[in-house]
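Here the structure is laid out as C-alpha cells; the discussion comes afterwards.
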Amino acid sequence: MTALTATTTPAARPALHRGGLLRAVLRTHRTALVLSLLALAAATAALVWLHSLENEARAGASACATPPMDGLPSCAAVEAITVDQTYANGIAFLATALSWLMFPVAAWAGGALVGRELESGTAQLAWTQSVGPLRWLAAKLAAPAALLTAGTGTLVLLNVWARGEADPDLVGDWYYPDAFVSTGPVAVAYALAGLALGALAGLVWRRALPATGMALAASLLLHSFLERHREDLWPTVGRTAPGSIELPRSAFQVTWDTPAPHGVRISHATFHPQSHFWPLQYVETGLLLAVAGTATAAAFLLLARRLP
C-alpha cells in the first residue's frame, strides 16, 4: 500500500488590487462622501440660481436720479429692487464657505480618515490581512484628493460664472479675502493642504480627538499667515505725486504716506492693481501645494519609521 503525502503551502495573504482598495476607502467613508456630494449639489444649484439674478441685481445697484434725468432711472424705482441684497448675500456666503473649506477637510482627515482608524485598530488589521501600510495611506489620500480637486474646482468655476461682471458693489473687490480665495486655484490648494495636514496630525497623535484639534490648529495658523501676508507675495506698484493721489477703485492698497518736507505735501502709495490677481493666485497656490506635499511626505516617512 502506497502512502500518499500531501504538501501544504502557506496560505497566501489576500491582496486588494488598486481599484478594490479605493472602493474600500469610499465604502468606509460613505457617509462623508454622501454629505459632500449633497453639499456640492446644493452649492451648484444655489450658484445657478444666483447667476439668474445677476442682471436684476445689477439694476438694483445702479446709479439713479430724483427726478429721473440723463437716462438714469428714478431712485425710488431702484430702491424698490431688493434682489441685489439677496444676490450679494448669497455670493458672499458661498465665497466664505469655499474659503474656509480647508477646516472641515482637515478635521475630517485627522479625526475620521486616519486618527480614528489607528485608534480603533482598524488600520492595523487591514495591514495584516489585505494591504500594506504605505499602500493604505496612499489610498486614504488619493481618493479624497481627487474628489476635493474635482469638486472644489467645479465650484470655483461656477462661482466665477455666477459673479458675472464682478461688480464690486455687489460681490466685493477682487482682493477681499473670501472673494480672492473663492475665485481661483488657491481654493483647491487650501483644501488639499487641509487634507495633508489632517492626515499628518492623525498619524502623529493616532487618536481621533487630539488629531482633529491639531489639524484645525495647523490649518488656522496656515490660513491666517497667508491671508496676513498675501500683499507681500508679489512686488507692489508705487505711485508718488504732489498733493493727493486717487487710486483706481480696483487697487489693493498696501501703504499710504503723505510726508510734507519743506511744507510741500507729497503723497506716496504702494498697491496691487487688479492685474496682480493671477500672480498672487499662482504664488499662494504654489506655497500651499508645497505645504501639502511636505505634509504628505512627512506622513509617509512617519508611517514607514513606525513599521516593525
Side-chain angles (χ1 to χ4, degrees), residues 21-40 96-149 151-152 181 187-228 288-308:
L21 182 56
L22 291 176
R23 285 195 296 271
V25 172
L26 295 176
R27 185 169 60 251
T28 302
H29 301 282
R30 58 183 174 274
T31 300
L33 176 62
V34 170
L35 291 176
S36 299
L37 292 176
L38 289 175
L40 177 62
T96 301
L98 270 173
S99 300
W100 291 74
L101 178 63
M102 77 175 301
F103 298 110
V105 169
W108 172 77
L113 185 67
V114 176
R116 186 174 63 189
E117 294 208 10
L118 290 172
E119 183 178 11
S120 65
T122 306
Q124 293 85 338
L125 181 63
W127 300 346
T128 59
Q129 290 189 347
S130 60
V131 64
L134 298 182
R135 281 191 61 205
W136 170 85
L137 181 58
K140 284 286 184 180
L141 293 176
L147 293 173
L148 279 172
T149 300
T152 308
V181 173
V188 179
Y190 268 113
L192 294 178
L195 175 67
L197 291 172
L200 178 59
L203 285 166
V204 170
W205 290 95
R206 304 173 72 89
R207 293 171 58 196
L209 191 58
T212 299
M214 289 304 299
L216 284 173
S219 298
L220 181 60
L221 181 64
L222 176 64
H223 190 281
S224 301
F225 179 82
L226 287 177
E227 184 176 306
R228 171 65 183 84
L288 286 165
L289 292 180
V291 170
T294 302
T296 301
F300 275 100
L301 288 174
L302 179 61
L303 183 59
R305 291 186 61 182
R306 286 182 173 176
L307 293 178

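Fair warning: this is a prediction, and the values are worked out from it, not measured in the lab.
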[Y] side chain reached by [X] side chain, heavy atoms, under 4.5 Å:
| X | Y | result |
| --- | --- | --- |
| F300 | L134 | yes |
| L288 | L192 | no |
| L203 | L118 | yes |

Kindly write out the residues that satisfy side chain to side chain contact (heavy atoms under 4.5 Å, CB included) with [X], not counting sequence neighbours, or none if the list is empty.
| X | answer |
| --- | --- |
| L221 | none |
| T96 | W100, D178 |
| A139 | L21, L22, V25 |
| A218 | L197 |

Starting at [atom1] of [X], measure out to [atom2] of [Y] and round the result to the nearest 0.5 Å.
| X | Y | atom1 | atom2 | value |
| --- | --- | --- | --- | --- |
| L141 | L113 | CG | CG | 6.5 Å |
| L38 | L33 | CG | CG | 9.5 Å |
| T212 | R116 | OG1 | CZ | 9.5 Å |
| R30 | L35 | CZ | CG | 12.5 Å |
| Y190 | L226 | OH | CG | 4.0 Å |

Which pair of heavy atoms, one from [X] and one from [Y], lies closest together, and at what distance?
| X | Y | result |
| --- | --- | --- |
| S99 | V181 | OG-CB, 3.6 Å |
| S120 | T122 | OG-OG1, 2.9 Å |
| S219 | A106 | OG-CB, 3.2 Å |
| W205 | A211 | CB-N, 4.1 Å |
| T152 | A191 | OG1-CB, 4.2 Å |
| A109 | A199 | CB-N, 3.9 Å |

What residue pairs, at least two apart or across chains, pass ring-ring contact (aromatic ring centres under 6.0 Å, His included) with a residue in residues 104-126?
H29-W108
Please state whether the rings of H223 and F103 are parallel, tilted or perpendicular, taking 30° and 60° as the class boundaries.
tilted
Enclosure of R206 CZ (heavy-atom neighbours >12, cutoff 6.0 Å)
yes
Not counting sequence neighbours, which residues clear salt bridge (Lys or Arg N to Asp or Glu O under 4.0 Å) with E117? List them please.
K140
